Amino acid sequence: MSGDTCLTTTLCPAVGPKPKTCSFKVGSLGNKYVRLNVGGSLYYTTVQVLTRHDTMLKAMFSGRMEVLTDKEGWILIDRCGKHFGTILNYLRDDTIALPKHRQEIKELMAEAKYYLIQGLVDMCQAALQDKKDLYEPVCNIPIITSPKEEERLIESSMKPVVKLLYNRSNNKYSYTSNSDDNLLKNIELFDKLSLRFNGRVLFIKDVIGDEICCWSFYGQGRKIAEVCCTSIVYATEKKQTKVEFPEARIYEETLNVLLYETPRVPDNSLLEATSRSRSQASHSEDDDGFELRDRVRRIHVKRYSTYDDRQLGH
């Protein structure tokens, strides 16, 4: 670009190594190019573009504000130049394609606020609201990929935890006729509970465990109860796997685990209250040294046999 097409060298020649200030008078030179150094990023544009909207840039390049130039005639603007090209495009066209990522939109909005470009600020705010509604779902369900990940999730959670383990491929026998339906009912109940108690309970899924269908309930980082939904039954002289759907028991344990919406401090009365389902007959002298924090209620479906394989005469 030749010297006579650059307003900075014509209107405000730089003398000496130190930056100097000058005022722009647009007049008939509005279609001439200026050279901008925005935080080390270099841009060429016209005064006409910079003064199209009533912004801080218009004040700078219409003579109302002094501008700073370096020894080579570049106009210095002490801002990050990452999004200044987008700023210029908006000044030219009154619209732009916003960045895809929220962080970049926030950065662009900060620059638009600095340059007092209200139209661009409004665009960024509307886009951020849309992205919040689109990319922040009401309920997030982590899926366990390893035992270590499960341990970290449970230990770091400040909420009670409900885990559903289901892995249909773990079975080595055939399933009973209604087992598939019951497995699906367990999964559907998990989804309903996760929506109902979202924000109060952390729900996680495990599809790599050793059980076929099993619920686990955690409070303050430790397991409180477990509901196993599978059993082995006999029919027509062969073993089959049966999947149960103990809906009432699952609801009960989910409500029990809500009692642990408290800070992680020792609370023996709370632990005692949630452990009373243990039968009084099970207590013995050995239980005296059994700490409450080690108790886990394990509820398994009743195992039964529909085929009597005992020999005659017995």
Side-chain angles (χ1 to χ4, degrees), residues 1-140:
M1 180 178 293
S2 60
D4 59 350
T5 60
C6 180
L7 286 177
T8 56
T9 56
T10 304
L11 296 179
C12 185
V15 179
K18 295 183 179 181
K20 290 191 175 183
T21 59
C22 64
S23 298
F24 273 82
K25 296 181 181 180
V26 179
S28 61
L29 300 176
N31 61 345
K32 296 293 185 178
Y33 276 86
V34 292
R35 298 184 297 174
L36 304 176
N37 183 342
V38 186
S41 300
L42 307 180
Y43 295 92
Y44 284 89
T45 189
T46 64
V47 174
Q48 184 179 13
V49 169
L50 296 171
T51 57
R52 282 193 64 204
H53 299 264
D54 189 13
T55 66
M56 191 181 75
L57 291 170
K58 181 176 182 179
M60 291 175 60
F61 293 94
S62 61
R64 288 182 288 166
M65 291 178 60
E66 291 186 338
V67 295
L68 189 66
T69 62
D70 64 11
K71 61 180 181 180
E72 297 179 355
W74 290 88
I75 299 172
L76 304 177
I77 299 178
D78 188 18
R79 295 291 293 181
C80 176
K82 177 180 178 180
H83 299 288
F84 194 76
T86 306
I87 297 286
L88 292 178
N89 288 336
Y90 180 83
L91 295 177
R92 295 183 185 105
D93 305 325
D94 294 325
T95 185
I96 54 168
L98 291 174
K100 294 182 180 180
H101 301 292
R102 286 178 57 86
Q103 182 59 36
E104 291 187 351
I105 296 178
K106 290 180 180 180
E107 293 173 359
L108 177 60
M109 184 170 66
E111 296 303 305
K113 288 181 177 180
Y114 176 79
Y115 294 113
L116 304 177
I117 309 175
Q118 189 58 43
L120 183 54
V121 172
D122 295 340
M123 283 183 62
C124 292
Q125 288 178 338
L128 288 173
Q129 183 61 41
D130 291 342
K131 285 184 175 291
K132 180 179 180 181
D133 296 339
L134 182 60
Y135 294 116
E136 294 187 5
V138 174
C139 184
N140 290 308

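For reference, positions follow the sequence shown, starting with 1. Every value quoted in this text rests on a predicted model; they were computed, and no experiment measured them.
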*For Tyr43 and Ile87, what are the C-alpha separation, side-chain angles and deciding distance, and is it a side-chain contact (heavy atoms from CB on, under 4.5 Å)?*
CA-CA 11 Å; Tyr43 295 92; Ile87 297 286; over 6 Å; no
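- For the atom pair CD (Gln125) and NZ (Lys113), the distance works out to 5.5 Å, reported to the nearest 0.5 Å.
- Partners of Asp122 according to the salt bridge (Lys or Arg N to Asp or Glu O under 4.0 Å) rule, which considers only residues two or more places apart in sequence or in another chain, do not exist here.
- Summarising the geometry, atom CD1 belonging to Ile75 is positioned 12.0 Å from atom CG belonging to Leu42; distances are rounded to the nearest 0.5 Å.
- One finds the CG atom of Leu128 at 5.0 Å from the CD1 atom of Ile105 (value rounded to the nearest 0.5 Å).
- For the pair Ile117 and Leu91, the minimum side-chain heavy-atom distance is below 4.5 Å.
- We find the CD1-SG distance between Ile96 and Cys124 to be 6.0 Å, quoted to the nearest 0.5 Å.
- With contacts defined as side-chain heavy-atom distances shorter than 4.5 Å, the pair Lys58/Leu116 does not qualify.
- Here the side chains of Glu72 and Asn37 are not in contact, with every heavy-atom distance at 4.5 Å or above.
- Under the rule for a salt bridge (Lys or Arg N to Asp or Glu O under 4.0 Å), the partners of Arg52 that lie at least two apart in sequence or sit in another chain are Asp94.
- In this structure, CZ on Phe84 lies 10.5 Å from CG on Asn89, to the nearest 0.5 angstrom.
- Aromatic ring centroids of Tyr44 and Trp74 lie under 6.0 Å apart.
- Of the inter-residue distances, the one linking Met109 atom CE with Leu98 atom CG reads 11.0 Å to the nearest 0.5 angstrom.
- No side-chain heavy atom of His53 sits less than 4.5 Å from a side-chain heavy atom of Gln118.
- Contact between Glu104 and Pro99 at its shortest, heavy atoms only, is OE1-CB, 3.3 Å.
- At a threshold of 4.5 Å between non-hydrogen side-chain atoms, the residues Thr86 and Glu111 do not count as touching.
- Heavy atoms only, all atoms of each residue included: Phe61 and Thr51 are closest at O-CG2, 3.8 Å.
- Residues Val38 and Cys80 come closest through the heavy atom pair CG1-O, 3.9 Å.
- For the pair Tyr115 and Leu120, the minimum side-chain heavy-atom distance is 4.5 Å or more.
- Looking at Val49 and Leu57, their side chains never come closer than 4.5 Å, going by heavy atoms from C-beta outward.
- Annotation: Asp78, atom CG; neighbour count of heavy atoms from other residues, nucleotides and ligands within 6.0 Å does not exceed 12.
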